[in-house]
Amino acid sequence: EPLEHPPQNIAQVVSEKKTIRDFVIIEDMGSGAYGEVKLARYKTSRNSKVVIKYVTKKKILVDTWIRDRRLGTTPLEIHVLDFLRRDGYRHPNIVEMIDFFEDDINYYIEMLPHGLPGMDLFDYIELRMGMQENECRHIFRQVVDAVHHLHMKASIVHRDIKDENVVLDGENRVKLIDFGSAAYIRNGPFDVFVGTIDYAAPEVLQGRAYAGPEQDVWALGILLYTIVFKENPFYNIDEILDHPLRLPPLEDPYSDDCIDLVQAMLNRDVEGRLDIEMVKNHPWMLAED
Ligand code: ADP
Ligand code: MG
Ligand code: MG
């Protein structure tokens, strides 16, 4: 039986593949260690904007390629994002990949834009210096929900939780982005640190094997501290390893519950550190806004 719509020739098949030339770049949203991120729209449509993350093939580390029967060989970032868009694994506080494509130089991750272009939690903390405890909880809770979903449901660790990787819209709806350091928990324990030094747990900096979730919880502790005190808890690696936590005085002091949660996430004793389930059920998290 002949095919109903046989492709006329190879050239046509090739040209049907999506390429970066199908887009008009609207603006740069940032450039990181592995490439650039752009706000773009389809040439064929006026109004549908997308975010495109360029992942330079040359810069992808050897052990972060993954082979998959369905996807072929892709960077782990794309594999994880593809997993997270399957039925039952999507989450309202996790960025969604629409599509991906590649050329000789790059992979391109096409995502739904979230929020005001380029507004991440880092900028937001600057902008809203007087963030009240309720607002802070409202934002932090959504990050915790995302991480809880990753650890408990998807068995994924993010490994680069920080303010720049949390984006918000005008209504304080939050999404966790940047799965460039993420991994499947089953492939651990890990021994290489992949995230951002400021957010690295002491045991990870010491080169001890780590499962992943405990690193994410430590990073959540750094994140909450940063939101509450508007500064980093530790100024260098030595301080991360053993400086007592500074609790600077605040004009509008946060509740004891809040400070207790920060300290319990920043517990240097890995066994004593909260897991994400305990974070989610901490009294401060359960309090009403
Ligand atoms: P990198 O791995 O280089 O850090 P990210 O994935 O974190 O790249 O993206 C860089 C920046 O681009 C983010 O900090 C954020 O400001 C912006 N960004 C990325 N993805 C989105 C998105 N889906 N919606 C809105 N902003 C985004
Ligand atoms: Mg990032
Ligand atoms: Mg990254």
Side-chain angles (χ1 to χ4, degrees), residues 20 23 25-42 47-61 63-66 74-82 84-85 90-101 105-128 139 142-143 146-147 150 156-183 190 192-200 204 212 215-216 219-220 222-223 226-227:
I20 194 66
F23 298 88
I25 305 300
I26 301 170
E27 66 176 60
D28 286 340
M29 301 182 76
S31 55
Y34 296 98
E36 294 164 79
V37 181
K38 317 259 192 199
L39 187 65
R41 68 168 171 79
Y42 281 90
N47 36 37
S48 60
K49 287 183 185 156
V50 293
V51 169
I52 300 181
K53 181 171 181 175
Y54 295 44
V55 180
T56 310
K57 287 183 172 178
K58 268 195 197 151
K59 294 186 185 166
I60 300 168
L61 304 172
D63 53 349
T64 53
W65 288 92
I66 182 165
T74 61
L76 190 52
E77 180 170 10
I78 289 176
H79 198 277
V80 165
L81 286 169
D82 181 67
L84 289 172
R85 64 177 176 169
R90 279 186 287 268
H91 190 276
N93 300 117
I94 294 177
V95 69
E96 198 168 323
M97 178 171 74
I98 304 167
D99 199 3
F100 70 92
F101 49 96
I105 312 291
N106 298 309
Y107 279 94
Y108 301 91
I109 302 174
E110 184 185 345
M111 294 172 279
L112 289 177
H114 182 68
L116 322 163
M119 173 67 90
D120 55 39
L121 190 51
F122 178 84
D123 306 314
Y124 192 78
I125 293 169
E126 294 276 296
L127 197 76
R128 298 262 308 119
I139 291 170
Q142 295 175 68
V143 184
V147 176
L150 288 178
I156 287 169
V157 279
H158 185 279
R159 299 200 296 176
D160 199 14
I161 295 167
K162 57 173 170 175
D163 51 12
E164 291 167 68
N165 289 334
V166 173
V167 287
L168 343 92
D169 67 11
E171 270 111 62
N172 282 357
R173 279 177 304 224
V174 166
K175 280 188 203 283
L176 183 62
I177 60 163
D178 194 356
F179 285 75
S181 303
F190 309 99
V192 198
F193 178 63
V194 289
T196 308
I197 297 282
D198 288 348
Y199 286 77
V204 174
Q215 161 61 51
D216 279 353
L220 285 172
I222 303 283
L223 185 71
T226 309
I227 302 174

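Start at 1 and go down the list; that is how both ligands and their atoms are numbered.
Between the Asp163 side chain and the Leu121 main chain, no donor and acceptor come within less than 3.5 Å of each other. Looking at His114, its side chain does come within 3.5 Å of a backbone N or O of Arg173 through a donor-acceptor pair. The backbone N or O of Pro92 sits less than 3.5 Å from a side-chain atom of Lys175, completing a donor-acceptor pair. Judged by distance alone, with hydrogens and angles left aside, the side-chain atoms of Arg85 form a donor-acceptor pair with the main-chain N or O of Ile98 at under 3.5 Å. The main-chain N or O of Asp123 is found under 3.5 Å from a side-chain atom of Asp120 such that the two form a donor-acceptor pair. Side chain of Gln215 to main chain of Asp160: no donor-acceptor pair is present (N/O by atom type, distance under 3.5 Å, no hydrogens or angles). Judged purely by atom type and a 3.5 angstrom limit, Gln142 uses its side chain to pair as donor or acceptor with the backbone of Asn172.
Here the closest heavy-atom approach between residue Val50 and residue Phe23 is recorded as CG2-CE2, 3.8 Å.
Of all atoms in ligand 1, numbered sequentially from 1 with element shown, those under 4.0 Å from a heavy atom of Glu164 are 13 (C), 14 (O). The atoms of ligand 1 that sit less than 4.0 Å from any heavy atom of Val95 are 23 (N). Within ligand 1, the atoms closer than 4.0 Å to a non-hydrogen atom of Asn165 are 7 (O), numbered from 1 in the order shown. Residue Met29 has at least one heavy-atom neighbour below 4.0 Å for each of these atoms of ligand 1: 12 (O), 25 (C), 26 (N), 27 (C). Those atoms of ligand 1 that come under 4.0 Å of a heavy atom in Asp120, given as number and element, are 14 (O), 16 (O). In the vicinity of Pro113, heavy-atom distances shorter than 4.0 Å reach the ligand 1 atoms 24 (N).
Rounding to the nearest 0.5 angstrom, the gap separating the NE2 atom in His79 from the CD1 atom in Ile66 is 4.0 Å.
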message = Run the salt bridge (charged side-chain N to carboxylate O under 4.0 Å, His left out) test on Asp178 and Lys162 for me, step by step, so that the C-alpha distance in whole Å, both residues' side-chain angles and the decisive distance to 0.1 Å come before the verdict.
response = CA-CA 10 Å; Asp178 194 356; Lys162 57 173 170 175; 5.9 Å; no
inquiry  = Run the ring-ring contact (aromatic ring centres under 6.0 Å, His included) test on Tyr54 and Tyr108 for me, step by step, so that the C-alpha distance in whole Å, both residues' side-chain angles and the decisive distance to 0.1 Å come before the verdict.
reply    = CA-CA 5 Å; Tyr54 295 44; Tyr108 301 91; 5.0 Å; yes
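When Leu168, Asp123, Ile177, Ile109 are checked for heavy-atom proximity to atom 19 (C) of ligand 1, Ile177 turns out nearest.
Distances between N or O atoms of Leu112 and those of ligand 1 include at least one value under 3.5 Å.
Contact annotation: for Asp178 versus ligand 1, heavy atoms closer than 4.0 Å belong to both the backbone and the side chain. Within the 4.0 Å heavy-atom criterion, neither part of Lys175 lies near ligand 1.
Around the Mg ion (ligand 2), protein N, O or S atoms at less than 2.8 Å comprise Asn165 OD1, Asp178 OD2.
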